[in-house]
Amino acid sequence: MDRLTLTGDGLDGNHWNSLFERVYRANLFQSWHFGAAMEAVEGHKVHRLAIEADGKPVGLMQVFEERRMGLARFLRLLRGPVFFQPTPAEIHAIALKALKKQFPIYRLNWVTMMPELPRDPGFTVMQDAGLSRIMEGYETVWMNLRMDQAKIRAGLDGKWRNQLKRAEGSDLQVQKSTNPQAVLAAYEVEREKRGYSAPSAKLLSALPDSQTLALEAQLGAEKIAAIFIVRHGKSATYQAGWTSEEGRRVHAHNLLLWHAIIELQQAGITDLDLGGIDPARQPGIAHFKQGLGGERFENAGVYM
């Protein structure tokens, strides 16, 4: 697979989504629905390309374009390309070089790329491919939902599992939210307060309801916590949430996430991206997400 071609021919929504169903650990930024939201809300042009080897598709990449300073085009590839099966870092590098060739700098194209590659060996392979690193990478935790619930539960950190048991034994009630926009509004307040670089509530609101799952926890008549999850292909992302002081006290988020895992498995989801961690700036959130026992993943950074 040392020779790859990029093509956008015939990539309508149905075709893209059928291919995206085959992606291993698909992420939100490479989904058709996220691209459509970027077009509608941010006004970006979206380039959707299939990666082919010997005339057969093996992966996908979705690139977002902004026009600045007249004719200059700024293109961003976020957490891509994505492939249908685990693929060596060297193949990712070949696809990225093909992308830069398709949008050459002499035509006033400025392309930045955040490959969906682990830091090791991705960092070395990107350098060897002649790509320059300009920014640190993204870190998250992936949960494998192919396992049965007993095995997932056994893999939880002991403290996390005990908190879940206490929440299950309480009067907490979990249900699907009848007002996902309220969940997103609370998330937006927190996003702006903490300076998150995550997608805005407005952008997330543009995603189809069929691709989202909003759960809320209630104690008596009071709603004390909620989460918002986005599905994409066979994967999903824990994208937003909020909790009250009472919610923290009774470990509502543990119960919400456990219910979400059950719902996602029933919907055929195989992998859950816990939505990013920042151990240096937000150690508490990072510790909580790592308590679910998933696989910590840091990508290789942003390149030009």
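Sorted by first then second residue, the ring pair (Phe, Tyr, Trp, His ring centres under 6.0 Å) pairs that include residues 205-224, not counting sequence neighbours, number zero. Residue pairs meeting the ring pair (Phe, Tyr, Trp, His ring centres under 6.0 Å) criterion with at least one member in residues 153-187, sequence neighbours excluded, are Trp160-Phe288.
The side chain to side chain donor-acceptor pair (under 3.5 Å) with Glu65 is formed by just one residue from the set Lys45, Arg76, Arg73, His44; it is Arg73.
With Thr237 contributing its side chain and Gly275 its backbone, the two residues share no donor-acceptor pair below 3.5 Å. A donor-acceptor distance shorter than 3.5 angstrom exists from the side chain of Gln30 to the backbone of Leu78, with no hydrogens or angles considered. Proximity of a side-chain donor or acceptor of Gln62 to a complementary backbone N or O of Ser31 within less than 3.5 Å is detected. Distance alone, capped at 3.5 Å, places no donor-acceptor pair between the Lys234 side chain and the Ile269 backbone. A distance-only check finds a donor-acceptor pair linking the side chain of Gln218 to the backbone of Gly220 [under 3.5 Å].
Salt-bridge check for Glu263 with Arg231: failed, with every basic side-chain N at 4.0 Å or more from each acidic carboxylate O. The residues Glu246 and Arg248 are annotated as not salt-bridged, no charged nitrogen and carboxylate oxygen being separated by less than 4.0 angstrom. Between Asp271 and Arg146 there is a salt bridge, with a side-chain nitrogen of the basic residue lying less than 4.0 Å from a carboxylate oxygen of the acidic one.
Ring-centre distance between Phe83 and His92: below the 6.0 Å cut-off. Aromatic ring centres of His47 and Phe103: separated by under 6.0 Å.
The other residues sharing a hydrophobic cluster with Leu60 are Leu11, Trp16, Leu19, Phe20, Val23, Trp32, Val82, Phe84, where clustering joins ILVMFWY side chains under 4.5 Å apart.
A heavy-atom distance below 4.5 Å is found between the side chains of Leu203 and Phe34.
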Q) Does the salt bridge (Lys or Arg N to Asp or Glu O under 4.0 Å) test come out yes or no for Arg166 and Glu168, once each step is laid out? A) CA-CA 5 Å; Arg166 290 198 289 273; Glu168 289 174 325; over 6 Å; no
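Across Ala53 and Val58, no two heavy atoms sit closer than the pair CB-CG1, 4.1 Å.
Cation-pi contact between Arg153 and Trp258: present, with separation from the ring centre below 6.0 Å and deviation from the ring axis of at most 45°.
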